Engineer: 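Shown below is the structure under consideration.
Chain A is the first sequence line, chain B the second, and so forth, proteins listed ahead of strands; every chain is numbered from 1. All values derive from a computational prediction rather than experimental measurement.
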There are 2 protein chains.
Amino acid sequence: MKVQNTQVQMRKGILEFCILHIISRGEVYATDVIGELTEARIVIVEGTLYPLLTRLRKAGLLDYKWVESSSGPPRKYYKLTASGARFLEKLNQTWSELVESTQMVIQKDKNAPMA
Amino acid sequence: MKVQNTQVQMRKGILEFCILHIISRGEVYATDVIGELTEARIVIVEGTLYPLLTRLRKAGLLDYKWVESSSGPPRKYYKLTASGARFLEKLNQTWSELVESTQMVIQKDKNAPMA
DNA sequence: ACAGGTACCTTGTAATGCAAGGTAATATTG
DNA sequence: CAATATTACCTTGCATTACAAGGTACCTGT
């Protein structure tokens, strides 16, 4: 059993949350997204990102437009739809609760009188 | 697309981490584990827990012994093996890094001069 | 025209939480 | 004692998503 396996499982769901956040801050294209994630030390590959973006678009959470690039092929710029923004709010809460719950479990022995 | 789906995905990997933590604090049987998770507002079902415990045991991270119960059928008490404890240390780090990375992404607009 | 760089895309696989159904041991009740 | 209730453990199939690997397409520079 490999730690990497568990890490991959931990990332599931979290990537969607992070990506929606990045896009909520302004229109970006895929390579921007990968760059921002990498900056935060979340390294993902295109084979993960593109199907994810496609899922979100098909679910109506994202919209996109083509923009010509001055240094290569055209780029697809994504933005959140209104329902995408609402969805992200809910994920904010979901994430906060999960982190809080996990902290409760892993910190329990360090706060003995908590019962 | 449902928030619940994303929540389920977010839980993947994290449950394994939490369960190893609970067991690291002393021998417990399955219903204890469910109780502690529920207390932390992580509600899981047996169909999740038993295959997970089986996987961890098969991977050599857990051992168990049967203990007669005074109020029902016998119980299977689990404990961490030495490699289980080492594995959990690594997961501690993995989780911390993931939380930190996620915070970096979702807090970026709130710390504008961070670039 | 060709090569290189950049951007987007797809498919199959591995892994795990959930849902649903089940077996088995022990205690309690009639 | 037999039947029922409670408790504990187990299994299987499904849905979902990150990864790995391979691919197409557009633009720029030589």
Engineer: Check the distance between D:dT16's C1' and A:I14's CD1 and give it to me in whole angstrom.
Structural biologist: 15 Å

Engineer: Once you round it to whole Å, what is the distance between C1' of C:dA14 and CD of A:Q4?
Structural biologist: 15 Å

Engineer: Do side-chain atoms of B:T38 reach the backbone of B:I34 as a donor and acceptor pair under 3.5 angstrom?
Structural biologist: yes

Engineer: Using whole Å, what does the distance between atom P of nucleotide D:dA18 and atom CG of B:L98 come to?
Structural biologist: 12 Å

Engineer: Take the protein atom NZ of A:K2 and the nucleotide atom C1' of D:dA20, then report the distance between them rounded to whole Å.
Structural biologist: 14 Å

Engineer: How close or far is atom P of D:dT16 from atom CG of A:L56, stated in whole angstroms?
Structural biologist: 14 Å

Engineer: State whether A:Y29 places a side-chain N or O below 4.0 Å from either non-bridging phosphate oxygen (OP1 or OP2) of C:dA7.
Structural biologist: yes

Engineer: Which is more 5' along DNA chain D, the nucleotide nearest B:R57 or the one nearest A:T48? Just name the residue.
Structural biologist: B:R57

Engineer: Under 3.5 Å, is there a donor-acceptor pair linking the side chains of B:T6 and A:E16?
Structural biologist: yes

Engineer: Judged by atom type as modelled, is there a donor-acceptor pair below 3.5 Å linking the side chain of B:T81 to the main-chain atoms of B:G60?
Structural biologist: yes

Engineer: Classify the side chain of A:K12 versus the base of C:dT16 as yes if they form a donor-acceptor pair under 3.5 Å and no if they do not.
Structural biologist: no

Engineer: Establish, from distance only, whether the side-chain atoms of A:Q93 and A:E89 form a donor-acceptor pair under 3.5 Å.
Structural biologist: no

Engineer: Has B:S24 got a side-chain atom pairing as donor or acceptor with B:H21's backbone, closer than 3.5 angstrom?
Structural biologist: yes

Engineer: Send over the distance from A:E46 CD to C:dT10 P, rounded to a whole Å.
Structural biologist: 13 Å

Engineer: Please list, by residue number, the residues of residues 67-76 of chain B whose heavy atoms come closer than 4.0 Å to an atom of DNA chain C; answer none if no residue qualifies.
Structural biologist: B:E68, B:S70, B:S71, B:G72, B:P73, B:P74

Engineer: Expressed in angstrom and rounded to an integer, what is the separation of A:K58 atom NZ from D:dT16 atom C1'?
Structural biologist: 15 Å

Engineer: When you look at NZ of A:K79, are more than 12 heavy atoms from neighbouring residues, nucleotides or ligands closer to it than 6.0 Å?
Structural biologist: no

Engineer: Using a cut-off of 4.0 Å on non-hydrogen atoms, how would the nucleic acid contact of A:T31 be classed: base, sugar-phosphate, or nothing?
Structural biologist: sugar-phosphate

Engineer: Between D:dC9 atom P and B:L49 atom CG, what is the distance in whole Å?
Structural biologist: 9 Å

Engineer: Apart from A:Y77 itself, what residues make up its hydrophobic cluster, given side-chain heavy atom links below 4.5 Å?
Structural biologist: A:Y29, A:V67

Engineer: Within the structure, does a side-chain N or O atom of A:R55 lie under 4.0 Å from either OP1 or OP2 of D:dA15?
Structural biologist: no

Engineer: Taking the nucleotide of DNA chain D with the nearest heavy atom to each, does A:G13 or B:Y77 sit closer to the 5' end?
Structural biologist: B:Y77

Engineer: Counting side-chain heavy atoms from C-beta on, which of D:dC19, C:dG17, C:dT10 comes nearest to A:I44?
Structural biologist: D:dC19

